[in-house]
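In what follows, chains carry the letters A, B, and so on, assigned in the order in which the sequence lines appear, proteins first and then strands, with residues in each chain numbered from 1.
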Amino acid sequence: NAGVTQTPKFQVLKTGQSMTLQCAQDMNHEYMSWYRQDPGMGLRLIHYSVGAGITDQGEVPNGYNVSRSTTEDFPLRLLSAAPSQTSVYFCASSKGRIRNTIYFGEGSWLTVV
Amino acid sequence: QQQVKQSPQSLIVQKGGIPIINCAYENTAFDYFPWYQQFPGKGPALLIAIRPDVSEKKEGRFTISFNKSAKQFSLHIMDSQPGDSATYFCAAGNAGGTSYGKLTFGQGTILTVHP
């Protein structure tokens, strides 16, 4: 029972490089989302998806892209990394309705130099 | 625009003390208020949640108090233990429409419980 799995755990990028943070869940959850966590800012929603083929923007979507081709996977792409994207990224999933528990992955630490 | 404001940023108590973390929200459409606990190097995990039709909810040593008119809610940890040392986040969401799983989080409170 893996839950929400994120890879990689740690990554260092150079400014301008692109990369993809992977997220997979094995709970057959409809809803998946990406948050970033910065000191003093809490967790801020980047993008979310309510099902395969459906995505929408959250609070801080600029510089990120997502797709949802399957129920299980929800990758987050950094198109051209910037130092402002240095953060800890969390993928989350839930069964659907907001009052269902949202499960978070263990995070991906990204540093952009 | 920060729609959920959390205080204090950090809190230190002795074992057995009762730390209290406060949150205030602005959006009156919010109707779900969870608290998450996060240990270093881990993702947040749901601790306890409340809906606005009740003023208090208890689960073990954790209690949420909710004041709808003031748009405030708080987390109380009774008989706190060193193992409760973690970062706590309040959050708020709207269960209606397409707001599946969308939560707005507070800034977080780092709690340290000394033995």
| task | Against chain B, label A:Q37 side chain, backbone, both or neither, depending on which of its atoms sit under 4.5 Å from a heavy atom there. | result | side chain

| query | Same cluster or not: are A:Y31 and B:Y32 linked, directly or through other Ile, Leu, Val, Met, Phe, Trp or Tyr residues, by side-chain heavy atoms under 4.5 angstrom apart? | reply | yes

| message | Using a 6.0 Å cut-off, check whether atom CE of B:M78 has over 12 heavy atoms from anything other than its own residue. | response | no

| A:K9, NZ atom: more than 12 neighbouring heavy atoms under 6.0 Å | yes

| query | Taking side chain as C-beta onward, heavy atoms only, is A:L45 less than 4.5 Å from B:L103? | reply | no

| Distance (rounded to the nearest 0.5 Å) between A:L43 CG and B:Y36 OH | 10.0 Å

| said: Please rank B:G43, B:P44, B:P34 by heavy-atom pairs under 4.5 Å with chain A and give me the top one. | reply: B:P44

| request: Find out if a path of hydrophobic residues (ILVMFWY) with successive side-chain heavy-atom gaps under 4.5 Å connects B:L11 to B:L75. | output: yes

| Which region of B:Q6, side chain (C-beta onward) or backbone (N, CA, C, O), has a non-hydrogen atom less than 4.5 Å from a non-hydrogen atom of chain A, or is it both or neither? | neither

| Should we count CD of B:Q81 as having more than 12 external heavy atoms under 6.0 Å? | yes

| Rounded to the nearest 0.5 Å, what separation is found between the CD atom of B:Q38 and the CZ atom of A:F104? | 8.5 Å

| query | Same cluster or not: are A:I46 and A:V88 linked, directly or through other Ile, Leu, Val, Met, Phe, Trp or Tyr residues, by side-chain heavy atoms under 4.5 angstrom apart? | reply | no

| How long is the gap from CG on B:L46 to OG on A:S94, to the nearest 0.5 Å? | 11.0 Å

| message | Would you compute the distance between atom OG1 of B:T104 and atom CD of A:E59 and round it to the nearest 0.5 angstrom? | response | 6.5 Å

| Does one hydrophobic cluster hold both A:V60 and A:L13, with members joined at side-chain heavy-atom distances below 4.5 Å? | yes

| request: Measure the CE-CZ distance between A:M41 and B:F105 for me, rounded to the nearest 0.5 Å. | output: 14.0 Å

